[in-house]
Amino acid sequence: MPPIQRLRAATFIGVAGVTALYFFYPSPSKSASTFSDEPLSPSHFTPASVTSTESCGPNYRLITLTVPPKLVPPKSSFSTIWSVFIKDDDIQVERPYTPLEGIDEHGNMKFWIKKYPRGEVGRWLHSKQIGDKVELRGPLQTWLWKDEAWDEVIMISGGTGITPFYQLLHSTFQNMPSKTRFTLLHSSRSPSEFPPPEILVPLIDHSRANPERFQMRLFVDEIEKESPLGVTPQLGRIDRQAIESCLEYKTSWWHRLFWERRQPQPPPKVLFLVCGPEPMINAIAGPYGRNYSQGPVLGILGELGFTSTQVRKL
Ligand SMILES: Cc1cc2nc3c(=O)[nH]c(=O)nc-3n(C[C@H](O)[C@H](O)[C@H](O)COP(=O)(O)OP(=O)(O)OC[C@H]3O[C@@H](n4cnc5c(N)ncnc54)[C@H](O)[C@@H]3O)c2cc1C
């Protein structure tokens, strides 16, 4: 074979080998071992049992997975906001899911899980019955919440994107008092796709009891029936006006007139957290960068002049 052909053949074999290695070599996470007597950890899988599974709308289920209480690590191992990887044993793929209220001392974790028509792990989890075993590993840090770092936190979610925000709010409401003010703007396609009462009722109750600390607004693309739970959602997408209205300073006129004029206040430290389907993230905060890095702040928040230190895409 002439040298040029030999070089071409060697290059072809090299490229094919690297490509095959990329696709077929097991990643360390998926091939992590399973231990049934070691505490829950990100580095190995732990068997959990399905202890509850209930339908809440055509494509949604609330599923509780339980690990033996002796395998629950100390509370200090879990920092809000965290998730676990759940492994679909049939095809050996894993996806992250967010325990709504973290984990309790009995080893229970409750999840709100959506099934997509061609989605692998969501459909597999929906098919599981009480008593079935599911392997999971974690906790994995989705994003680390630091109390007192922000005056105002504005969370914008679509669909199951509300789950990390529910975990954050559930944990901060329990650990009162925090001075941070929270606003949640959540959007679903229609009222029948709203998060279930287990998620919405505690949030609505908290916003009614503590309006100065927590406000929430629900948005829908279409209204096909009366909204549940006595909340009136706004028709349409979360737009620039909805976001700007969260930023209006919420104090009485006499406070502004007599107090702030004498004591000029520094601007509040505002943080935006955004979680949901990609088109929504793109419109609100601009697309992710390569390999799910944050990318620049574009979209509505970019237009409003917010920077990467003030915006986090989860
Ligand atoms: C940190 C983190 C926490 C998460 N927590 C939760 C949670 O608590 N509950 C939950 O239900 N999901 C959660 N997710 C999403 C979850 O990990 C999976 O991406 C989702 O369940 C789809 O996986 P799948 O295997 O079923 O579908 P795949 O096989 O990955 O996708 C198959 C099809 O579904 C479509 N699809 C997949 N995801 C979406 C989407 N988000 N929007 C629109 N179409 C989509 C794809 O376009 C594709 O056509 C979380 C994701 C992250 C990163």
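One-based numbering, in listed order, for ligands and for the atoms of each.
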When the ring centroid of Phe214 is compared with that of Phe173, is the distance short of 6.0 Å?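 Distance test on ring centres: under 6.0 Å, yes.
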
For ligand 1, list every N/O pair with the protein closer than 3.5 Å, one pair per line with the distance.
residue: ligand 1; atom: 5 (N); partner: Thr98; partner atom: N; Å: 3.4
residue: ligand 1; atom: 5 (N); partner: Thr98; partner atom: OG1; Å: 3.0
residue: ligand 1; atom: 8 (O); partner: Thr98; partner atom: N; Å: 3.1
residue: ligand 1; atom: 8 (O); partner: Thr163; partner atom: OG1; Å: 3.2
residue: ligand 1; atom: 9 (N); partner: Trp112; partner atom: O; Å: 2.9
residue: ligand 1; atom: 11 (O); partner: Lys114; partner atom: N; Å: 3.0
residue: ligand 1; atom: 14 (N); partner: Pro96; partner atom: O; Å: 3.4
residue: ligand 1; atom: 17 (O); partner: Pro96; partner atom: O; Å: 2.6
residue: ligand 1; atom: 21 (O); partner: Tyr97; partner atom: OH; Å: 2.8
residue: ligand 1; atom: 23 (O); partner: Arg95; partner atom: NE; Å: 3.4
residue: ligand 1; atom: 25 (O); partner: Arg95; partner atom: NE; Å: 2.7
residue: ligand 1; atom: 25 (O); partner: Arg95; partner atom: NH2; Å: 3.4
residue: ligand 1; atom: 25 (O); partner: Glu120; partner atom: N; Å: 3.3
residue: ligand 1; atom: 25 (O); partner: Val121; partner atom: N; Å: 2.8
residue: ligand 1; atom: 26 (O); partner: Glu120; partner atom: N; Å: 3.4
residue: ligand 1; atom: 26 (O); partner: Val121; partner atom: N; Å: 3.4
residue: ligand 1; atom: 26 (O); partner: Gly122; partner atom: N; Å: 2.8
residue: ligand 1; atom: 27 (O); partner: Glu120; partner atom: N; Å: 3.4
residue: ligand 1; atom: 29 (O); partner: Arg95; partner atom: NH2; Å: 3.4
residue: ligand 1; atom: 29 (O); partner: Glu120; partner atom: N; Å: 3.0
residue: ligand 1; atom: 30 (O); partner: Arg95; partner atom: NE; Å: 3.2
residue: ligand 1; atom: 30 (O); partner: Arg95; partner atom: NH2; Å: 3.2
residue: ligand 1; atom: 41 (N); partner: Tyr116; partner atom: OH; Å: 3.1

After noting the C-alpha distance and the side-chain angles of Thr307 and Gln310, does the key distance pass the side-chain hydrogen bond (donor to acceptor under 3.5 Å, both in side chains) rule? CA-CA 5 Å; Thr307 60; Gln310 297 168 297; 3.2 Å; yes

Other residues, nucleotides and ligands only: do more than 12 of their heavy atoms fall within 6.0 Å of CZ on Arg240?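 Yes - once you tally the heavy atoms of other residues, nucleotides and ligands closer than 6.0 Å, there are more than 12.
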
Donor-acceptor list for residues 276-302 side chains, cut-off 3.5 Å, not counting sequence neighbours:
residue: Glu278; atom: OE2; partner: Tyr292; partner atom: OH; Å: 3.2
residue: Tyr288; atom: OH; partner: Leu314; partner atom: O; Å: 2.4
residue: Ser293; atom: OG; partner: Arg290; partner atom: N; Å: 3.4
residue: Ser293; atom: OG; partner: Arg290; partner atom: O; Å: 3.0
residue: Gln294; atom: OE1; partner: Lys313; partner atom: N; Å: 2.8
residue: Gln294; atom: NE2; partner: Lys313; partner atom: O; Å: 2.8

Relative to Tyr60, does Lys115 satisfy both conditions: NZ or CZ under 6.0 angstrom from the six-membered ring centre, and within 45 degrees of the ring's axis?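 Not flagged: Lys115 not positioned over aromatic ring of Tyr60.
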
Determine, for Arg237 against Asp221, whether the closest basic-nitrogen to carboxylate-oxygen distance falls under 4.0 angstrom.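 Yes, this pair counts.
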
